[in-house]
Protein chains: 2
Amino acid sequence: MDQIDRKILSLMHENARMPISEMSRTISMSQPAVTERIRKLEDQGIITGYRAQLSGAKLGKHTTAFVMFKTDNCKDFVSFIEASAEVVDLYRISGEYNYLMKVVTENTESLASFLDACSAHGFSTTLIVLATPFEDKSLISNEV
Amino acid sequence: MDQIDRKILSLMHENARMPISEMSRTISMSQPAVTERIRKLEDQGIITGYRAQLSGAKLGKHTTAFVMFKTDNCKDFVSFIEASAEVVDLYRISGEYNYLMKVVTENTESLASFLDACSAHGFSTTLIVLATPFEDKSLISNEV
DNA sequence: GTTGAAAAAACAGAGGA
DNA sequence: TCCTCTGTTTTTTCAAC
């Protein structure tokens, strides 16, 4: 992991579909060398995947919320949540609640339906997302 | 947005670096047609970008937390947070707190330093992430 | 939406600092 | 070890339909 690897990670985080040839020009290194470095970053598990980012709103999902949940039966709860299409992220957390999850639904009504379905497993506190100043900032500082 | 578009989005969410030629084989449609559909999905803002997913742990960031924050000066707070490399996501939320942010740091000590720096802007409650059963589940159901 | 040719990129091997 | 160079294969682009 040197400065060149960090630059590659930064570029990949900005645009994962950038051709390797273009990256090789940007960082002034031959294409096979860049390819090999990317392969190693993947093998080491530093790069875990490449994903298209989708707009929830453009797909008709206009409501995002974070739900903190307290349950006594983690196993059943996780099974239930894994099967719930509304939940995009699930975190086990410290504190009064067991779990925090990010929920994306069409509207507040469908969020309410989801929360109703959850209530069999415990109790929750819901934080509605009003705006997202930024999301998914890079873990790599992009100075060279 | 028909079933083929949904399939493209699903494939792109699984692996954004999949060659379009491979996608065209998977969904049995000519490559220029797939390319044109992707271009339209980008133009419509349904696809907002392509990102490499990086492992925080493999980059030496072993602590993830969600911090709920209450501030009286949103403008200054957001400026401060935007300049903080530790914060990867920032959400404006409803409820007792103004903001929820996802914070990724090297360890609990560096998290404490960050929270100390924040304390000038208001008060917070921190939820430490103990485990992540899943993250970034697709908004598109991947049945065809 | 398809086909097919030209351009570009990715891959794989040989060899050098 | 890590890189560059180079020839081959694959993918992308762009024309015409």
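Residue numbers begin at 1 in each chain, while the letters A, B, ... track the order of the sequences.
- The salt bridge (Lys or Arg N to Asp or Glu O under 4.0 Å) contacts involving residues 120-129 of chain B comprise nothing, where partners must be two or more places apart or lie in separate chains.
- Residues satisfying the side-chain hydrogen bond (donor to acceptor under 3.5 Å, both in side chains) criterion with A/Asp43, sequence neighbours excluded, are A/Arg39.
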Letter by letter from the 5' end, nucleotides 10-17 of chain D scores (B base, S sugar-phosphate only, - none; protein heavy atoms under 4.0 Å) -SBBB---
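- Sorted by residue number, the list of members of residues 36-49 of chain B with any non-hydrogen atom under 4.0 Å from DNA chain D is empty.
- In this structure A/Asp116 satisfies the salt bridge (charged side-chain N to carboxylate O under 4.0 Å, His left out) test with no other residue, sequence neighbours excluded.
- Remark: B/Glu135 engages A/Tyr91, B/Lys102 in a side-chain hydrogen bond (donor to acceptor under 3.5 Å, both in side chains) (not counting sequence neighbours).
- Sorted pairs that involve residues 55-70 of chain A and meet salt bridge (Lys or Arg N to Asp or Glu O under 4.0 Å), not counting sequence neighbours, are lacking altogether.
- Within the structure, salt bridge (Lys or Arg N to Asp or Glu O under 4.0 Å) pairs that include any residue of residues 74-96 of chain A do not occur (at least two apart or interchain).
- Legend: residues meeting ring pair (Phe, Tyr, Trp, His ring centres under 6.0 Å) with B/Phe80, ordered by chain and number and at least two apart, are B/His121.
- For B/Phe114, the ring pair (Phe, Tyr, Trp, His ring centres under 6.0 Å) criterion is met by no residue, not counting sequence neighbours.
- Atom C1' of nucleotide C/dC11 and atom CE of A/Met23 are separated by 16 Å, given to the nearest angstrom.
- B/Leu100 and B/Val103 fall into different hydrophobic clusters, where Ile, Leu, Val, Met, Phe, Trp and Tyr are joined by side-chain heavy atoms under 4.5 Å apart, directly or via other members.
- Annotation: the terminal axes of the helix from C/dG1-D/dC17 to C/dA17-D/dT1 meet at 30°, where each axis is the rotation carrying the C1' atoms of four end pairs onto the next four (5 pairs per end, rounded to 10°).
- Partners of A/Phe77 under the ring pair (Phe, Tyr, Trp, His ring centres under 6.0 Å) rule, at least two apart in sequence or in another chain, are A/Phe69, A/Tyr99.
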